[in-house]
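The sequence lines fix the lettering, A, B, ..., with proteins before strands; numbering per chain opens at 1.
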Amino acid sequence: MVKLAEWRGKEIFRKYGIPLPPGRVVRSPEEAEAAARSGEVPLPCVVKAQVLAGGRAKGGAVRFANTPPEVRTAAAAILGLEFKGEKVRELLLEGKLAIARELYVSITLDRSLRLPILITSEQGGVEIESVPDAAIDRQPIDPFPGLAAYERRAAARSLRLSGGPAKALDGLLPALWRAFQAEDAELVEINPLAVVGDGLVALDAKVIIEDDAAFRHPEYAEIRDDRTPLEEIAREKEIAFVQLDGNIGVIANGAGLTMATLDVLKEFGGNPGVFLDLGGTDDPKKVTEAFLLMAQAKPKAVFLNIFGGVTRCDTVARGLVDAMRQVPDADRFPLVARIRGNNEKEGVEILRAAGITSVPDLKASAQAVVAAAGGPA
Amino acid sequence: MVKLAEWRGKEIFRKYGIPLPPGRVVRSPEEAEAAARSGEVPLPCVVKAQVLAGGRAKGGAVRFANTPPEVRTAAAAILGLEFKGEKVRELLLEGKLAIARELYVSITLDRSLRLPILITSEQGGVEIESVPDAAIDRQPIDPFPGLAAYERRAAARSLRLSGGPAKALDGLLPALWRAFQAEDAELVEINPLAVVGDGLVALDAKVIIEDDAAFRHPEYAEIRDDRTPLEEIAREKEIAFVQLDGNIGVIANGAGLTMATLDVLKEFGGNPGVFLDLGGTDDPKKVTEAFLLMAQAKPKAVFLNIFGGVTRCDTVARGLVDAMRQVPDADRFPLVARIRGNNEKEGVEILRAAGITSVPDLKASAQAVVAAAGGPA
Amino acid sequence: MTVLVDAETRVVVQGITGHQGTVHTRQMKAFGTQVVAGVTPGKAGTEVEGVPVFDSVRDAVGRTRANAACIFVPAPYAKDALLETVDAGIPLVTIVTEHIPFHDMLVMYHYARSRGTRIIGPNCPGIAAPGKAKVGIIPNVVFRPGRVGVISRSGTLTYEIVNGIKEHGLGQSTCIGLGGDPVVGTSFVDALPFFEKDPETDVLVLVGEIGGTAEEDAAEYIHGHFSKPVVAYIAGRSAPPGKRMGHAGAIITRGRGTAETKLAALQKAGARVARFPYEIPGMVAEIVAAGSPR
Amino acid sequence: MTVLVDAETRVVVQGITGHQGTVHTRQMKAFGTQVVAGVTPGKAGTEVEGVPVFDSVRDAVGRTRANAACIFVPAPYAKDALLETVDAGIPLVTIVTEHIPFHDMLVMYHYARSRGTRIIGPNCPGIAAPGKAKVGIIPNVVFRPGRVGVISRSGTLTYEIVNGIKEHGLGQSTCIGLGGDPVVGTSFVDALPFFEKDPETDVLVLVGEIGGTAEEDAAEYIHGHFSKPVVAYIAGRSAPPGKRMGHAGAIITRGRGTAETKLAALQKAGARVARFPYEIPGMVAEIVAAGSPR
């Protein structure tokens, strides 16, 4: 999942012909002032921090400015801020518009329907989750034959648009749909979509790109702003890695088994801190890498819970033994292993030879690791 | 149905990225010589009459030339020729290529399957109708999800292509498919598709555009080369009009009834010359226009056979009476009318008032018109 | 339901405010059809021929429980109208509109099929069951309730033949005009099973035309699966050979598609073949008189 | 056939010459499955694990009458592989491949559905009926023939649970790992009817995960249509709330999609709910011991 900052989302919108306010991205107060002075950004304008978190306006990450010096001041005040954990590195400056109404439009996936869904609401400009169901209109869109004209008409009716703005919507929705498909998006959201004069303008842009389609979108490879450094390393090695607050490291294979392991640990008072899903691998090197990564996260104890399918127990055991040799003494941690499934006997034997006991029972092994981490929280 | 001349078909192919021989269209021997001299058309080259009929090579409408003067001579010999009823107005000059193999590729509609069908054959360069079934490969293509990679691989196998030419085909087929869809084509045909070096080149182009999609293709409105002048007028008035060799004019409504009327006329020795399908109209003016058009074709007798549905009998009768008043004396013809169906009574009454009898029986009315035209042939 | 429509059929007319839409709403009602709704975007709240008009098919279905549709909207908008009908869950739709590009119709056909909506047409007279309902434009005057089924690719020729059956003192169970476009929603082969199962049909009249291979396909189906007597007529025996689709089309239909191949196939399948439209009623009457052996 | 596969199942392996394709061909054969063909373009004429390799699925089906497929090809080519399978008329396909873009999967799902092909997966362990056949990658060691059905959105957790059932002295009728991707070919709701009808299944184990609403949908289905006893487990009760799909996704699943809503829905539908994987076998055994009242 690649969440794009507003300005990147708007670059995509521009590519598909979705109307935007006049504006540009700047990275320094000087650049901001110059952009305002040159007229490239009409005044008065809005100065918006390019961070992924919501609630920017309330959080002081959006300001208004009437003159080039005011733009500079606003830019200086926002740039470098730490906003909900994100450092503000870019600002989007946009001319203020005479907004008649603020609407909501998005396209995302409805998993149950197995169809994309067009969501519209008259109540734009607020988080859509706060809008009551009755004020939200949903229309599934079949990829074949695509967004139909009658669906666009229905959307216009739901937004109570007519005349120019309705016509604008009829052009905007196919563009949004094309962007959703062609960019392999999980979400394309315009909130608010403003009625300005006889037309529509996308005041904000939220675009989330699907990771799995990365092979056809090399252009998104560099945009990974919302990961911790360890998560980023894990991603490069294709290991699913999530950092939480606890002190027990969990290495498992498969999302379901990983989650079930967390459930059991919690039950016995454990507090999982990092979990790391090996997925389906039978490369011992990947197992070693996962362990070394885990060591860097400095857990108090580590629980290895593997059920061998594609991943074979002996492979995991070999990778583990190899990793234990490479972990610096300072980073060592108590380890409880449980390896079951394909080639279990061989795996258990390899571990035993290296002095590690595999505890076959899930409950017992979970209790053991909780104890090793210092007992129930 | 708009059949495009080779050079127009190739313009479309170029738009979609299908590789073509270097060349250009010329309209005079001087232009031909200059094109050869400037190097725009590499020498030796082929000089091809731009007519719609097939069998150009055998019919002397294709010549080869090695020097600019030879190009001029060849152009002069072909331009202005009457080839199977078409006057040669344009020539396509193309550099000769080193052809390794000549293949056949086309996409058209399979009505029974209700799917487009990709047709390939190793035996290109001859009329595909002369190729035995066993040497022709057919693959239906579903518009959703479109031409699949595996279908392109199968096409390459059927054409026994590998390496560079197979790769070229993998790029060419999606282009041909896009052209078929986006241009609303009934047929896109490359025959021959030549293997030249490591790639493929479309040596000929046959593209037929569907009339019904004219509303989204204004660019084809002017290309109607294969109609007689009366047919052209009829088209503008949205009356289906076909000229045959006989002397009886038939005005009916609906293709099926028109054909059934011809069947009956033939049975009784009649020889239909023009048939004119009013389609579904209830505009008396259109009926009048149809009659005046018929008068211009100078039939020996006219059979009006209408079954009123959307078209009402009284409308037809009114239009007919109006037309009879406008037809110049010199163009008058004996008329047998048969009007049945919706508002039959009113229609029959209007005709009777104008001195025209409607004969309700199809057989009797057909016999009457054959007699009026001078008896059975 | 006998063949696709019956007294429970509730029709929504798309494009009801247009001239044809209005005229045929009146005609369908005069036939006894329940026309429960019309749709024309922007005209919600009005009435046509006493029928309430809605902005969308979904609204119309929600309010009136329409279960069949008749589309009169112009060709450039027909695809959208059909998609709307399908998405509203309507299981049967007649498309009267002519000149729909076949590329559009390919999308319409396959989408409707995947969603379980049956299309009749386009460019067709539709379906009528005298005494029950009509979804389409076949003139009311040609009908009279009876036990002869009719399927046809033609328009007015169908009226001519149905009328002939009536004038011969017989009546029709259901008549379907499939339309003669390159891509049709319902072919002979698709329609035949309905007549086979229909307890109200004793004899079937099949009216074909030259071009395509729908009649050959029908003959093949009749041979294996259709037990009732069939009288067939093919229009265009004396028409000049069509040039449509050119050579590539010809290799698809190779050895089929002419009046001769169609007639031969139907004859081989056990159908009685009429040489002229006016021979049909007599042949049907003979079959009826003889009981119903094939 | 009991649930989708049986001794008549004849598998073609797409991507058989790849590492996973080869390994799991061997495993499927060891399970007793008839693996009749492999497909890798350009490798026709070779053999893998004694299985003949073809250039295309159509060739494979033509020569071997394969009636099920298992896809191992890499994600960028998975869509094409699936289209080829569907067009070759294969009614059941397991897609093991992970990381298929959901936009591709939308096309794959709807196309397969319109053509009558059932997809299991993608990113899934597939289907196995011990003593009959396996189309997928669930380890052979966890199985033993019996009368417990298993449907699961998970991979290894499924193996864990199926293994637990075996170690408890019970056996499985059929086990399906549906895969946990955003768009799956077969959901719980799609799979439940097969187990309801299966005479060889007495009890069903349903293994869900947080995210999406597949379990809530399943609960609703079970409530009205599933008569056999169900033991359910939902993984992720203690996992941090997922951020996937952001706000717009949240309004689609509004008030559903958490472990709590799933468990509540399943409980309300009459399922017995296990809090941990290791509780499942005991609960199943109790139900079996008690006859089979819900």
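Closest approach of B/Glu186 to C/Phe102, counting heavy atoms only: CG-CE2, 3.7 Å. Smallest separation of non-hydrogen atoms from C/Pro139 and B/Asn342: CB-OD1, 3.6 Å. Of all non-hydrogen atoms in C/Pro101 and B/Arg216, the two that sit nearest each other are CB-NH2, 3.3 Å.
Comparing B/Pro143, B/Gly341, B/Ala213 by how many heavy-atom pairs each has under 4.5 Å with chain C, the most go to B/Ala213. Ranking C/Gly180, C/Gly155, C/Ser187, C/Ala75 against chain B, the residue ahead of the rest is C/Ser187, based on heavy-atom pairs under 4.5 Å. Note on C/Val107, C/Val207, C/Ile137, C/Val184: by heavy-atom pairs under 4.5 Å with chain B, the leading option is C/Val184.
There is no contact between C/Ile138 and chain B, counting heavy-atom distances below 4.5 Å. Of the atoms belonging to B/Arg338, it is side-chain heavy atoms, and not backbone ones, that fall under 4.5 Å from chain C. The contact between B/Leu115 and chain C is made by backbone and side chain atoms together, counting heavy-atom distances below 4.5 Å. Of the atoms belonging to C/Glu216, not a single heavy atom falls under 4.5 Å from chain B. Heavy-atom distances place no part of B/Phe144 under 4.5 Å from chain C, backbone and side chain included. Heavy-atom distances place the side chain of C/Phe276, and not its backbone, under 4.5 Å from chain B. Proximity to chain B involves both the backbone and the side chain of C/Thr156, based on heavy atoms less than 4.5 angstrom apart. For C/Pro76, the parts sitting under 4.5 Å from any heavy atom of chain B are the backbone and the side chain alike. For B/Lys266, the part lying near chain C is the side chain, with the backbone staying farther off; criterion is any non-hydrogen pair under 4.5 Å.
A salt bridge does not link C/Asp217 to B/Arg111: none of the charged side-chain nitrogens sits closer than 4.0 Å to a carboxylate oxygen. Using a 4.0 Å cut-off between a side-chain N of Lys or Arg and a carboxylate O of Asp or Glu, C/Asp190 and B/Arg114 qualify as a salt bridge. B/Glu267 has a carboxylate O that lies under 4.0 Å from a charged side-chain N of C/Arg275, or vice versa, which qualifies the two as a salt bridge.
In B/Lys285, the NZ atom is not crowded: 12 or fewer heavy atoms of neighbouring residues, nucleotides or ligands sit closer than 6.0 Å. Heavy atoms of other residues, nucleotides or ligands lying less than 6.0 angstrom from CD of B/Glu122 number more than 12.
Here the straight-line distance linking atom NE2 of C/His19 with atom CG of B/Asp283 works out to 9.5 Å at 0.5 Å rounding. Taking OG1 of B/Thr258 as the reference point, atom CG of C/Leu157 lies at 9.5 Å (rounded to 0.5 Å). For the atom pair OH of C/Tyr159 and OG1 of B/Thr311, the computed distance is 8.5 Å after rounding to the nearest 0.5 Å. Note that CZ of B/Arg340 and CD of C/Glu160 are 7.0 Å apart. Values are rounded to the nearest 0.5 Å.
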Pair C/Glu279-B/Lys363, side-chain contact (heavy atoms from CB on, under 4.5 Å): steps then yes or no: CA-CA 10 Å; C/Glu279 291 178 358; B/Lys363 197 166 160 181; over 6 Å; no

Stepwise side chain to side chain donor-acceptor pair (under 3.5 Å) check, B/Asp263 with C/Tyr233: CA-CA 11 Å; B/Asp263 291 346; C/Tyr233 170 70; 3.1 Å; yes

Full working for side-chain contact (heavy atoms from CB on, under 4.5 Å) between B/Val264 and C/Tyr278: CA-CA 10 Å; B/Val264 177; C/Tyr278 46 74; 4.0 Å; yes

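Looking only at side-chain heavy atoms (C-beta outward), C/Val96 and B/Val310 stay at 4.5 Å or farther from each other. C/Val142 has its side chain within reach of B/Phe307: a pair of non-hydrogen atoms, C-beta onward, lies under 4.5 Å apart. C/Ser154 has its side chain out of reach of B/Leu257: every pair of non-hydrogen atoms, C-beta onward, lies at least 4.5 Å apart. In this structure the side chain of B/Asp212 never reaches within 4.5 angstrom of the side chain of C/Ile100, judged on heavy atoms. No side-chain heavy atom of B/Glu344 sits under 4.5 Å from any side-chain heavy atom of C/Asn163.
Two rings, from C/His99 and B/Phe215, have their centers 6.0 Å or more apart.
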